[in-house]
Every structure is written in C-alpha cells, then in structure tokens.
Number of protein chains: 2
Amino acid sequence: MGGDHGPSVTIPAAVSFANHEPDAELILVGLEDVIRAELKKLNAADHPRLSIVNATEVVAMDDPLEVALRRKKDSSMRVAISLVKEGLAQACVSAGNTGALMAVSRYVLKTIPGVDRPAICTLIPNQKNAPTYMLDLGANVDCEPQHLHQFALMGSALVSALEGRAKPTVGLLNIGEEDIKGNEVVKQTATLLRADHQKGVLNFYGNVEGNDIFEGTTDIVVCDGFVGNVVLKASEGLGRFVKNALTAEFKRNPLNLLGAVIARGAIKSFSHRMNPSRYNGASLLGLRGVVFKSHGGEDAYGYEWAIKRAFEAARHDVLSRISKAIAELMPQAPAPAAPLVPDATIELTHQKTA
Amino acid sequence: MGGDHGPSVTIPAAVSFANHEPDAELILVGLEDVIRAELKKLNAADHPRLSIVNATEVVAMDDPLEVALRRKKDSSMRVAISLVKEGLAQACVSAGNTGALMAVSRYVLKTIPGVDRPAICTLIPNQKNAPTYMLDLGANVDCEPQHLHQFALMGSALVSALEGRAKPTVGLLNIGEEDIKGNEVVKQTATLLRADHQKGVLNFYGNVEGNDIFEGTTDIVVCDGFVGNVVLKASEGLGRFVKNALTAEFKRNPLNLLGAVIARGAIKSFSHRMNPSRYNGASLLGLRGVVFKSHGGEDAYGYEWAIKRAFEAARHDVLSRISKAIAELMPQAPAPAAPLVPDATIELTHQKTA
C-alpha cells in the first residue's frame with residue numbers, strides 16, 4: 001500500500017514478477033478491495049501464485065513512528081512483516097515510510113543475536129559495471145565502532161550470498177586513505193576490521209573515499225547512516241541535475257536534436273546503465289527476517305527490482321549466512337539491550353513535506 | 001610550487017590572470033630559478049605586475065603536518081602566507097596539501113576573534129545555474145553545534161560579499177527536512193540558527209538534504225567536515241563515472257559517433273557547464289587573512305579560477321565582513337583557546353598514496 005503511488009505500482013510489479021519467476025509465490029497484503037480491483041485491471045484476479053491477505057490500515061508516508069508502531073496494528077506493513085515472523089513468507093517488500101518499516105520490523109522480528117542495530121544497505125552503480133553495496137543509509141545517525149563493525153560483517157555476508165563471491169572486499173568510508181585520517185569512530189572501526197582481516201574472516205581493503213563508491217574500489221562501503229543518507233541523496237540529486245542539463249542542451253536547437261536522434265542508441269544505453277530503478281531495493285540487515293525497502297517514488301519497473309532482490313536474498317538464505325557470520329565473529333558477550341526505536345527517524349526518499 | 005603539476009600549471013595561470021585583470025599584482029613565491037624559467041617560457045619574464053619572492057623549500061603533497069609546520073620554515077607555502085600576515089599581499093593561493101595549508105595558515109595568521117575553527121568552503125554547480133557554497137569540506141571532522149553555527153555565519157558573510165546578495169539563504173545538511181531528524185549536533189545547531197533567523201541576522205532556510213546541494217535550494221549548505229568531504233569526493237567520482245560512461249556510449253559505433261559530432265555544440269556546452277575547473281578555488285574561512293586552495297589536480301584554466309576567486313574575495317573585503325558578522329552575532333564570552341593543529345588531517349584531492 002505504501003510509496004508515492006501505492007497499489008497502482010506495487011500490484012503491476014508483483015504480477016510481472018510472478019509471471020517472470022515461476023518459483024515465486026506472492027502474498028499481496030493490504031486493503032483487499034483495492035488490491036482485487038488492481039488485479040482485475042491486469043487480468044490477474046485468478047493468478048495461481050498470487051494471494052491476498054487483508055489488512056485494514058495503511059501506514060501513511062508522514063505517520064509518526066508512534067502511530068505506525070502502536071496505533072495501526074492492522075497496517076499492511078505490520079501484517080506483512082508478521083507473515084515473515086510466522087514463517088508464512090520468506091521475505092517482505094515495502095515502498096512505505098522507511099523509518100516506520102525499520103521500527104515495525106525491529107519490533108516484530110527482533111534483531112539477530114549479536115547485532116545491536118539493524119542497518120539499511122543498497123546498491124549503487126559503479127564504473128566496473130558491478131554494484132557497490134553501501135550501508136548504513138540512514139537507520140543509525142550516531143554510530144559506535146562496534147556498530148560499523150557489525151555493518152561490515154553483515155554487508156560482507158549479504159554480498160557473498162547475492163553475488164556469489166567468497167570474500168567480497170570491504171572499504172571503510174573516510175576522508176582519506178591513510179590510517180591517521182578521520183574521526184575517532186572511524187579510526188577505531190578500522191582497528192576492529194583490520195583484526196578481522198588478520199583472522200581471515202573479512203576482506204578489509206582499508207579506508208576508501210567518496211569517489212571510491214563510484215569507482216567500485218570495494219564491493220562494500222561501510223559508513224554511518226548520516227553520511228550514507230546524505231551521500232545517497234546527493235548522488236541522486238547530481239544524477240537528476242546531469243540528466244536535466246544534458247536533455248536541455250540536446251533540445252536547445254534543431255541541430256543538437258538531430259544529433260541526439262541519430263545517437264539515440266547511445267543515449268538510451270547510457271540512460272539504461274544509469275537508471276536508478278535498476279538499483280532499487282534496499283535491504284534492512286540485522287533482523288530475524290528478510291525485509292526490503294523500495295524507493296517510495298519508484299514505478300512498477302523499479303518496484304519489481306526490489307521484489308527480485310528480496311526473492312534472491314530469501315533464495316540464497318542471506319539470513320542464516322548473516323547470523324552465522326555474526327555468531328562466528330562477534331565477541332560472545334551479550335549485546336546491550338537496544339532501545340525499541342533507536343534512530344529510525346529516516347526516510348530514504350527526500351521529503352518535501354511542510 | 002604545490003599541486004600535482006607545480007609551477008608548470010601555477011605560473012601560466014598567474015600570467016594569464018595578470019593579463020586579464022589589470023588591477024591585479026601577483027607575487028610568485030617559490031624556487032626562484034624554477035619560476036624564472038617558467039616565466040621565460042611564457043615570454044613574461046619582465047611582466048610589470050608579476051614579481052618573485054624566493055622560498056627555498058617546498059611542502060610535498062605527502063609531507064606530515066609536523067614537517068610543514070616546524071621543519072620547512074622557508075617553504076613557498078609558509079612564505080606566501082607570511083606575506084599576507086605582513087600585509088604585503090591581500091590574499092594567498094596554493095594548490096598544495098590542504099591539511100598543511102590549513103595548519104600553516106592557522107599558525108601564521110591565527111583565527112578571527114570568535115572563530116574556534118576555520119573551515120573550508122567551496123562552490124558546487126547547481127540546477128539554478130548559481131553556485132551552492134558548501135562548508136566545511138574537511139578541516140573539522142568532529143564538530144560541535146557552535147562550530148557549525150560559526151560556519152553558517154562565515155559562509156553567509158562570504159556569499160553576501162562575493163555574490164552581492166544581502167541575505168543569502170543558509171541550509172543545514174541533514175537526513176530529512178523535519179526538525180526531529182538527524183543527530184544531536186545537527187538538532188542543536190538548528191536551534192542556534194533559528195535564533196539568528198529570529199533576530200534577522202541570518203537567513204536560515206532550515207534543514208536541507210543531499211539532493212538540495214544540486215537543486216540549489218539554498219545559497220549555502222553547512223555541514224561538518226567529514227560529511228562535506230565525503231559528499232564532495234562522491235560527487236566528483238559520480239561526475240567522472242557519468243562522463244566516462246557517456247563517452248564510451250558515443251564511441252561504441254559509427255552512428256553514435258556521427259550523432260555526437262552533429263550535436264557537438266550540445267556536448268561542448270554541457271561539458272562546459274559541468275566542468276569542475278570552473279568551480280575551483282576553496283576558501284579557508286575564519287583566518288585573519290584571505291587564503292584560497294586550488295584542487296591539486298587542476299590545470300592552468302582551473303588554477304586561474306582559484307586566483308580569480310581569491311582576488312574577488314580580497315577586492316570585496318570578505319575578511320572584514322566575516323569579522324564583523326562574527327563579532328556582531330557570536331556570544332561575547334571569550335572563545336576557548338583552540339589547539340594549534342586540530343583536525344587538519346584532510347586532503348580535498350583524493351589521495352592514491354600507499
């Protein structure tokens with residue numbers, strides 16, 4: 001039900017994914033009448049691998065966390081996550097409010113033992129034509145070294161599962177490559193990651209800088225949620241700026257337009273490569289269940305990518321891989337009890353609310 | 001003497017600037033023989049508004065701060081900054097090591113009363129075709145609210161002077177627009193800036209997000225040096241990625257190439273608009289003297305922009321405007337003594353040293 005467009009985007013995406021992926025069964029959670037009407041429009045009312053679970057409430061994009069958590073107990077978000085909790089679904093996908101999704105997921109599913117705080121991980125295109133996985137993207141605005149350490153382990157397990165790479169490289173986002181650079185949190189995190197590297201359990205590359213995200217220097221880039229969120233949105237903003245500026249130049253006069261028409265293959269191929277929809281689908285890592293977040297503004301094409309990523313994560317058993325990595329590598333001391341709603345005040349989509 | 005290319009870039013830039021700007025007198029500081037040889041190559045050995053001050057040492061790009069500060073007392077960087085201190089120059093421009101430039105500037109010039117920490121401010125192109133000024137970009141990796149507050153005041157005074165705008169808008173970089181978003185430092189900073197806005201002394205827009213930098217939502221974006229440095233380098237990295245990807249597509253086959261040739265006006269105009277060299281020249285704000293830093297990798301065209309910015313800052317008396325703004329707006333309690341070399345462990349240029 002969530003996102004900027006709701007079922008008019010999520011249902012077509014679900015139908016398309018079910019048609020393309022014969023192993024997938026999808027449970028559509030939300031206002032039953034609305035979902036049924038959308039399915040009918042698509043001639044998919046009797047699809048054998050699509051079912052509906054009714055939920056009478058909807059978490060609005062601007063609902064406070066309190067409302068999502070304590071008032072709307074029959075929201076589509078809460079019911080969908082509960083299906084994962086009960087083992088009736090192997091993954092949940094939502095385009096809803098990121099903060100609410102994280103808070104409800106955390107409340108219903110709880111965290112994996114050894115994980116203090118879940119993190120949000122997404123893919124970013126890079127020069128090597130292989131995605132850079134980056135986390136955290138906003139779930140944790142203040143991080144201690146042990147949190148960044150856990151993000152590195154979780155990211156490594158995720159990429160290892162999804163990309164089939166035994167030892168993906170991990171970079172620590174910093175303002176320089178040398179060990180002396182950065183703030184205290186980053187320096188102490190580097191010490192923890194170097195120790196893991198020595199043990200052979202993590203492929204720690206070292207410090208990376210902002211440009212390395214797009215150069216594909218490492219498979220994974222670890223940072224706190226404040227930095228990650230700002231960098232992600234800045235990149236989206238720069239991407240739109242470039243696109244608009246290029247389009248405006250091509251339309252400036254008939255000669256430019258003619259050139260653009262002749263080279264339309266190049267422009268189409270470039271647009272496809274840079275299309276953020278292809279990278280849609282952020283993973284909420286560290287929970288006892290697979291939850292994926294779609295960008296709120298995505299169309300059906302983009303939302304289908306988020307479903308695909310969640311499906312792959314479930315199929316490759318990302319969850320037990322992360323649990324195993326954390327259990328093996330984290331100190332055995334019991335983790336301090338985490339607050340119910342930590343810093344989940346984030347939204348991946350930039351908001352233009354008043 | 002600094003930067004990736006040294007006098008082979010800085011001297012041609014200086015000669016070109018002097019030729020374009022009849023009001024400018026340039027003092028070239030460094031190894032006299034090297035400078036003289038460069039001037040000779042350019043037939044500018046007897047230029048009436050170019051003079052040379054010899055300095056026998058050079059701060060290398062990878063010199064530790066200690067070396068720049070205490071060993072190389074006759075470095076071109078140190079001598080040039082001392083000329084500003086002594087009133088023999090109105091501004092200093094360097095392409096050298098950013099951390100060293102900040103540390104030496106701070107040591108020689110000292111900070112403006114009321115400023116705890118100098119900051120680095122640069123221009124970023126935006127959709128509105130007017131630059132976004134962003135600070136800090138790496139001088140301060142850990143910031144308290146009062147530091148971000150000072151950055152806002154200094155940035156406002158700078159933009160007011162350089163862009164001739166009475167009340168430029170100031171945005172606080174955050175992960176959401178709402179007051180409840182972000183970490184404690186950002187929330188407390190917002191309170192300080194709102195108070196200034198109430199007093200009518202600062203045009204505080206409120207929180208901005210990463211995308212707003214490129215949308216030109218505000219004239220100034222304030223953030224700590226860690227976030228600013230990462231965002232700046234990420235943007236540079238994304239810019240190169242886009243450029244390479246587009247070039248590769250146009251070269252993929254003869255038809256694409258033909259289109260690109262026909263639309264070359266559009267491509268040239270787009271490249272010019274996006275050319276980072278046009279935005280070269282970061283200001284070290286909060287010092288008792290005008291110091292500008294050029295990107296280390298710039299060519300003569302880019303370096304000339306840095307000289308131009310420093311010249312304009314001196315001409316518009318940015319220094320006394322900042323001093324006035326700080327004196328009027330900051331609490332009258334004496335500022336705590338700042339450490340000599342605080343967090344000046346940054347480099348704006350990403351380093352690929354071992």
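Only heavy atoms go into these numbers, but all of them, side chains included; no hydrogens, no water, no symmetry mates. Letters A, B, ... are given to chains in the order of the sequence lines, protein chains preceding strands, and every chain is numbered from 1.
Annotation for A/Gly259 and B/Ala263: closest pair CA-CB, 3.8 Å, computed over non-hydrogen atoms. When all heavy atoms are compared, the tightest approach of B/Gln127 to A/Phe241 is NE2-CA, 3.6 Å. Across all non-hydrogen atoms, the minimal contact from A/Gly182 to B/Phe226 is CA-CE1, 4.4 Å.
Of the listed residues (B/Asn183, B/Ile267, B/Asp224), the greatest number of heavy-atom pairs within a distance under 4.5 Å of chain A belongs to B/Asn183. Of the listed residues (A/Asn253, A/Val231, A/Leu246), the greatest number of heavy-atom pairs within a distance under 4.5 Å of chain B belongs to A/Leu246. Of the listed residues (A/Asn129, A/Leu258, A/Leu173, A/Ile213), the greatest number of heavy-atom pairs within a distance under 4.5 Å of chain B belongs to A/Leu173. The candidate from A/Arg273, A/Lys251, A/Glu184, A/Arg252 with the greatest count of non-hydrogen atom pairs under 4.5 Å with chain B is A/Arg273. Between chain A and the options B/Ile124, B/Leu238, B/Val227, heavy-atom pairs under 4.5 Å are most frequent for B/Leu238. Ranked by heavy-atom pairs under 4.5 Å with chain B, the first of A/Cys223, A/Ser269, A/Gly176, A/Ala234 is A/Ala234. Ranking B/Pro125, B/Ala260, B/Ala248 against chain A, the residue ahead of the rest is B/Pro125, based on heavy-atom pairs under 4.5 Å.
A/Ala245 touches chain B through backbone and side chain together, each having a heavy atom under 4.5 Å away. For a residue to count as touching a neighbouring chain, one of its non-hydrogen atoms must lie under 4.5 Å from one of that chain's; by this rule A/Asn174 touches chain B with backbone and side chain alike. Contact of A/Val185 with chain B is not made at all, since no heavy-atom distance falls under 4.5 Å. Using a 4.5 Å cut-off between heavy atoms, B/Val261 makes no contact with chain A at all. Only the side chain of A/Asn244 comes within contact range of chain B, with at least one heavy atom under 4.5 Å from a heavy atom of that chain.
Distance check: A/Ile175 CD1 to B/Thr98 OG1 gives 10.0 Å after rounding to the nearest 0.5 Å. Taken to the nearest 0.5 Å, the CD atom of B/Glu249 stands 10.0 Å off from the NE2 atom of A/His272. Between the CZ atom in B/Arg264 and the CG atom in A/Leu255 there is a gap of 7.5 Å [rounded to 0.5 Å]. Distance check: B/Glu236 CD to A/Glu209 CD gives 10.0 Å after rounding to the nearest 0.5 Å.
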- request: Please lay out, stage by stage, how A/Phe270 and B/Val242 fare under the test side chain to side chain contact (heavy atoms under 4.5 Å, CB included).
  value: CA-CA 9 Å; A/Phe270 169 76; B/Val242 166; 3.7 Å; yes
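None of B/Asn256, B/Ile262, B/Leu257 except one satisfies the side chain to side chain contact (heavy atoms under 4.5 Å, CB included) rule with A/Ile262; the exception is B/Ile262.
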